[in-house]
There are 2 protein chains.
Amino acid sequence: MFSKSCEYAIKAVIHLCIETKDGSRLSIAEIAEAIDSPEPFTAKILQTLVRHDIISSAKGPGGGFYIDHHSKPVFVIEIIDVIDGKHAFERCGLGLKECNEKRPCPIHNEFASYSRKLKRLLETKTIQDLAKGIISGKAFLSNT
Amino acid sequence: MFSKSCEYAIKAVIHLCIETKDGSRLSIAEIAEAIDSPEPFTAKILQTLVRHDIISSAKGPGGGFYIDHHSKPVFVIEIIDVIDGKHAFERCGLGLKECNEKRPCPIHNEFASYSRKLKRLLETKTIQDLAKGIISGKAFLSNT
DNA sequence: AGAATAAAGGATGCAATTATCCTTTTTTAA
DNA sequence: TTAAAAAAGGATAATTGCATCCTTTATTCT
Ligand code: FES
Ligand code: FES
């Protein structure tokens, strides 16, 4: 469904959303630990998210990553767009070069209906929404 | 969503279903051409499908691949199980080691509901159903 | 029987994704 | 003003999925 990078990205932003509400910062190591991801690889992904203004970072002692809670909420789709690229949802389920109504594959109708709904969901859900599940103890970012 | 192998497999079986209704056979080259896939790679996939009795093959002159139209219809999920493995639908959307209700990720509920529906669809749709779309000219197996 | 045809199978190559390493830059604090 | 902390960035490595090649085996036809 999503690339590994994208999975880590979503989890990282959820974690940051929860842990940096108070203005504190988290290091790469702390984030990687929490979301059970390889540290240097996670670093790359965080860099990308910073470059696209989805999260913020500060260098030096006491620095780290955080999300600015005065700015507007982050829609899950924004992260997907940045990491996996827009068009992630416009691909044919059977791998035709392009998915379109004019020349669709045999599963296009059913398939496109599902992926449209899923996309709609990710366009309306925010990271802040997902964070609630973690805070309430009903959802988790790792399982071992 | 599916692996490339699986996409080729589904398209190949649909094509065979249509073109070998009359008892004729198709060579690897003919199939690869029709579904726009790399020939040797397609050969491997077809071999796997034969080993799992989803399609049949005959060696030697006049030989090739075909599907036996006296046997029962092929559900799309059967191909997915054989190529991508069962459990293809049991993976966590955010990459947790396992997707379960006890310790779900934050998107589990919405996500699992969609993938359950999609799985249900693929469990009930047959290749023969999908072939109808091609025969009626409403759907296609390649687009260039 | 021999030649040609076509799939089966094993070994290998290639490329993208995933992951790691190392150096540089920025910032803080002693 | 030096040392330490921490992210940024560039280069490199490992893994996996995708793809190809080549030899073998089975079948058909002459
Ligand atoms: S053409 Fe295949 S999903 Fe749209
Ligand atoms: S735990 Fe993530 S989808 Fe079920």
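Below, read A as the first sequence line, B as the second, and so on, with proteins coming before strands; counting in each chain starts at 1. The shown structure was predicted, so the numbers you read here are calculated from the model rather than taken from an experiment.
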Let me check something: any side-chain donor-acceptor pairs from residues 56-82 of chain B under 3.5 Å, sequence neighbours excluded? List them with distances.
| residue | atom | partner | partner atom | Å |
| --- | --- | --- | --- | --- |
| B:Asp68 | OD1 | B:His70 | N | 2.9 |
| B:His69 | NE2 | B:Cys17 | O | 3.2 |
| B:Ser71 | OG | B:Asp68 | O | 2.7 |
| B:Glu78 | OE2 | B:Phe75 | N | 2.7 |

- Message: Nearest to the side chain of A:Lys59, heavy atoms from C-beta on, is which of C:dG9, C:dA7, D:dA7?
- Response: D:dA7

- Query: Which is true for A:Ile55 with a 4.0 Å heavy-atom rule: it touches a base, it touches only sugar-phosphate, or it touches nothing?
  - Reply: nothing

- Describe the nucleic acid contact of A:Leu26 in one word from base, sugar-phosphate, nothing, applying a heavy-atom distance below 4.0 Å. sugar-phosphate

- Note on the structure: Among the nucleotides C:dA19, D:dA26, D:dA7, whichever has the atom closest to the side chain of A:Lys4 is C:dA19

- Go through C:dA19, C:dT27, D:dT28 for me and flag the one nearest to the B:Pro61 side chain. D:dT28

- Could you tell me the separation between the CD atom of B:Glu7 and the C1' atom of D:dC18, rounded to a whole number of Å? 12 Å

- Could you state the CD-P distance from A:Glu30 to D:dA5, rounded to the nearest angstrom? 14 Å

- Item | Integer-rounded Å distance: C:dG9 P and B:Ile28 CD1 | 12 Å

- Does anything in residues 33-49 of chain B reach DNA chain C, meaning a heavy atom under 4.0 Å, and if so which residues? B:Lys44, B:Gln47

- Hey, which sits more toward the 5' end of DNA chain C by its nearest nucleotide, A:Gly62 or A:Ser3? A:Ser3

- Message: Does C:dA8 have OP1 or OP2 under 4.0 Å away from a side-chain N or O of B:Ser57?
- Response: yes

